[in-house]
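Numbering of ligands and ligand atoms starts at 1, following listing order. Only this structure's heavy atoms are used, side chains among them; waters, hydrogens and symmetry mates stay out. Sequence positions, counted from 1, serve as the residue numbers for this chain.
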Amino acid sequence: MNRNKSVHRRTVLQAVAGTGFLLTLSPGFLLTGCDGGVRATESGTLGLDSEEYDVELNLHATPDSVPILPGAPSEVWRYRAELLKGPGGTLSENPDSYLGPTIRLRRGQKVKIHIHNELPEDTTVHWHGLHVPSDVDGQPRLPIQPGETTTIGFEVLDRAGLFWYHSHAHGEQGGRVGFQSYAGLVGLLIVEDEEEAGLGLPSGDNELLLVLQDRTFAGVNGLVYLDDGMGAMMDRMHGFLGDRILVNGVPPATRKVATRPYRIRVLNGSNARIYKLAWSDGRPVTVIGADGGLLPEPEDRPYATLAPAQRLDIWLDLSEAQPGSTLELISDSFQAGMMGGMGMMGSNALPLGSRFTLVSLEVAESVEASERIPAQLGLRRRRIPVSSTTRIRSFELSPVMMRGFTINGRHFEGNRVADDEKVRLGDTEIWEFHNNTPMPHPMHIHGLQFNVVGRQGGSSDSLQLGLVDSGWHDTVLVMPRETVQLAMKFERFDGLYIYHCHNMEHEDAGMMRYFQVQS
Ligand code: C2O
Ligand code: CU
Ligand code: CU
């Protein structure tokens, strides 16, 4: 594993004086012959052994070169997939983007996926937000080596929602999540169910999927991540911010729309950037869903805060819009304070808290559409009941001089689990994160969706009104000095899971731990 990594660092990343590392990968470099087919290393299916699968697919993590900016294509790492079995709409390719195919699953389906690692280093595929067995969760303890294939199986148990998949590799030298996701190893996964289908929300062309990321380029459209200099140290400390925004893998664009309602589903797939979603004409943002699917009812917010890894489902009604007019979805400016490293060395062209456009919607057509926003949305899943006797487990987030951040004084230690990181299968607990740092941390817990029970003491208010805490979540933004309580229930699966900060540079620097669900 280490050997591959050092080979990788010399050959894949080339130092370019003063501009950091370019992600330049020569196509001839692939280590082993990844010349197709499931490799011999396949040894049964992890997670779920079933006679019958409803969906079966090949998923390749592979180097590629795709157009991102005008001019030369960029070298990326990306997912490609082939549907071997299953309904026709299961995969939608994003051919002109490095984004992996969007995978559409239905609750109750049994899914089998052959993951082929065609990269020159270890990788894993994590199904962010899904309630799946520990062994198929794509954790760093089960790396897929270059040239290897791992086959996993799981049943789709989650309610309808927007999930995503990405790399979760972490080697001896530290995490590779930041690098691999940045290189392009990210895709959307949509779960559908009957409850949601019954609401008749806008679909097809009237459902917009937006993946928000930021990237920095240098040379001939080469992606730049962290270099070895002082700037990189600051980037690691704050999290990497690109100097331009990409939406679905390309610069923000104009989209033609009609006078009708739209469902806009947004993933923050950035390494570290927080977005403050707002409409250019000042209309409220109508939030209908979050990480774990639809909220009980729609909520109007002046703006909506979207931290790394989080998803939001937004209703936009353009029925009254003037044909010819344009409405922009923007990320509005906010006070990042210390968190963006503003005024510090290596100052970024697009600091955290900058204002920019994400998509321009040009009303090009008048139509008669009948969809109304449902007054009641996702009511079927009841909140996790908690009381004064529910066990509270506390986690303190603290800074360590030059070494990033710790959780209860600890960094990532592989699959080592401390005594206070063991929970009982079937138990309900309140996890309380206390942020004793000057930065916000998007804390993520694997394998489940939780409810936010409360927040106290947050110091920053320029994002506060946009924090969506109702409904179900797998990632919560904990503001500087704030304490946040989450209700969670450890159901169905025992074994090892992870919790971590989803600022990928924080995570890679060790702000991540395993916890164990014991039966
Ligand atoms: Cu998006 Cu540990 O995950
Ligand atoms: Cu996750
Ligand atoms: Cu963090």
D427: partners by salt bridge (Lys or Arg N to Asp or Glu O under 4.0 Å), with sequence neighbours left out: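 Counting only residues at least two positions away or on another chain, D427 forms no salt bridge (Lys or Arg N to Asp or Glu O under 4.0 Å).
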So [X] and [Y], would you call those rings parallel, tilted or perpendicular, with 30° and 60° as cut-offs?
X	Y	value
Y79	Y165	tilted
Y182	Y225	tilted
W431	Y499	perpendicular

field: Considering only N, O or S atoms of H506, the one closest to the Cu ion (ligand 3)
entry: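 Distance check against the Cu ion (ligand 3) picks out ND1 in H506.
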message: So, of the N/O/S atoms that H441 has, which is the nearest one to the Cu ion (ligand 3)?
response: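 Going by distance to the Cu ion (ligand 3), the closest N, O or S atom in H441 is ND1.
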Residue and atom names of protein N/O/S atoms that fall under 2.8 Å from the Cu ion (ligand 2):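 Sorted hits: H126 NE2, H444 NE2.
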query: Knowing that exactly one of I190, L208, V211 qualifies, which makes a side-chain contact (heavy atoms from CB on, under 4.5 Å) with R265?
result: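 Going through the options one by one, the only one that passes is I190.
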- prompt: Considering residues at least two apart in sequence or located in another chain, which fulfil the side-chain contact (heavy atoms from CB on, under 4.5 Å) criterion with T390?
  reply: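 So T390 forms a side-chain contact (heavy atoms from CB on, under 4.5 Å) with V386, S387, T428, I430.
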query: Only one of Q310, H446, R311 clears side-chain hydrogen bond (donor to acceptor under 3.5 Å, both in side chains) with D474; which?
result: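 Result for side-chain hydrogen bond (donor to acceptor under 3.5 Å, both in side chains) with D474: R311.
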- prompt: So which heavy atom on A61 is nearest to which on L185, and how close?
  reply: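 Closest approach of A61 to L185: CB-CD2, 4.0 Å.
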message: Under the criterion ring pair (Phe, Tyr, Trp, His ring centres under 6.0 Å), I'd like the reasoning laid out for H506 against F405: C-alpha separation, chi angles, the key distance, then a yes or no.
response: CA-CA 7 Å; H506 292 182; F405 301 95; 4.6 Å; yes
task: Anything protein N, O or S sitting under 2.8 Å from atom 1 (Cu) of ligand 1: count it and give me the total.
output: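 Number of qualifying protein atoms: 3.
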- request: Please check if the distance between the ring centroids of H502 and W164 is under 6.0 Å.
  value: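 For H502 and W164, the ring centres are under 6.0 Å apart.
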